Amino acid sequence: MDDIKILIVEDELLIATTLQRKLVKMGYSVVDIVSSGMKAIEVAIEKKPDLVLMDIVIKGDMNGIETASKLYDTTRIPVVFLTAYTDENTISKAEATGAYGYLIKPFQERELTTTIRMALKKHEETMKMEQLATTDSLTGIMNRRFFLQAIDKEIERTQRYGNRFSLIILDIDHFKKVNDTYGHSAGDEVIVSITQIVNKNLRKVDIFARYGGEEFIICLPETDYPNAMNVAERIRQNIEDNFIPYDDKKISCTVSIGVTNFHENGDTYDKIFQRADAALYLAKNQGRNQVVYQ
Ligand SMILES: [Mg+2]
């Protein structure tokens with residue numbers, strides 16, 4: 001068995017240490033034993049276990065069910081509940097957290113291994129599905145659907161805390177000509193190459209997605225428009241200076257970029273997008289290979 005790391009959340013020390021001994025005997029490693037929800041989240045973030053075994057009645061303000069749901073939202077680490085409770089209400093609450101399994105105490109070693117194995121397998125599949133659903137397969141960056149979810153959260157955050165953000169839409173100039181001249185796989189190379197250049201100019205917090213064929217979208221949190229213009233201009237220049245090797249040729253291309261920023265409370269994604277799109281349209285109309293703010 002590869003080294004599978006497990007975190008035990010259990011307020012009764014004797015139960016916890018017995019469980020730890022069993023797990024180690026089965027070949028798992030136990031990263032820690034904690035007895036409260038707060039501590040569980042802290043340790044899970046720090047030690048990144050592959051799985052959490054979570055008692056339902058634990059110390060502190062949060063019970064195991066609340067902890068599990070918070071833990072999964074922040075870390076995506078799968079949780080298996082351990083409990084003496086078998087009433088319908090508790091079970092359905094536990095199920096609602098998206099738990100990966102449920103062990104009723106006392107349980108046999110055999111149930112323990114099977115439940116852990118099934119939980120890990122189910123989790124791996126879920127992560128694969130999530131990855132497929134949120135990522136653009138050619139470039140590995142976010143897809144449009146995931147971007148729309150992320151931007152909704154950003155707008156909510158912006159409205160709540162009075163922050164600001166900027167939005168950039170970028171479109172490859174004469175992309176059809178690249179495809180027609182060099183073929184579609186050259187077109188793919190161009191798209192991948194441009195993705196890499198954009199990525200080099202972004203921070204970790206920026207949200208970057210492929211919006212459609214040759215169109216990309218970027219949300220720059222906590223960024224006002226002069227700074228967003230600088231980022232956009234640097235991207236435009238880097239792309240213009242770049243040559244993409246393809247067969248024995250070197251393909252060069254340019255991009256047009258529309259920039260806008262979040263105005264004030266009441267600004268919606270539709271309005272923001274329309275401004276950026278109008279700016280992009282202007283950039284195209286004024287001769288391409290340029291950045292326009294609206
Ligand atoms: Mg307990």
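Indexing begins at 1, ligand by ligand and atom by atom, following the structure's order. Both backbone and side-chain heavy atoms feed into the values below; hydrogens, waters and symmetry mates do not. Predicted, not measured: the structure shown is a model, and the values here were computed from it.
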Ring-ring centroid check Tyr100 Tyr72, cutoff 6.0 Å = yes

Those residues that, when tested against Lys105, pass side chain to side chain donor-acceptor pair (under 3.5 Å) (two or more places apart) = Glu10, Asp55

key: Those residues that, when tested against Phe273, pass ring-ring contact (aromatic ring centres under 6.0 Å, His included) (two or more places apart)   = Tyr211, Tyr269

Qualifying residues under ring-ring contact (aromatic ring centres under 6.0 Å, His included), relative to Tyr246, sequence neighbours excluded = none

ask   = Looking only at side chains, do Asp270 and Gln274 share a donor and an acceptor under 3.5 Å apart?
value = no

ask   = Can a donor-acceptor pair be found between the side chains of Thr254 and Asp173 at a distance below 3.5 Å?
value = yes

ask   = How many protein N, O or S atoms are found at a distance of less than 2.8 Å from the Mg ion (ligand 1)?
value = 3

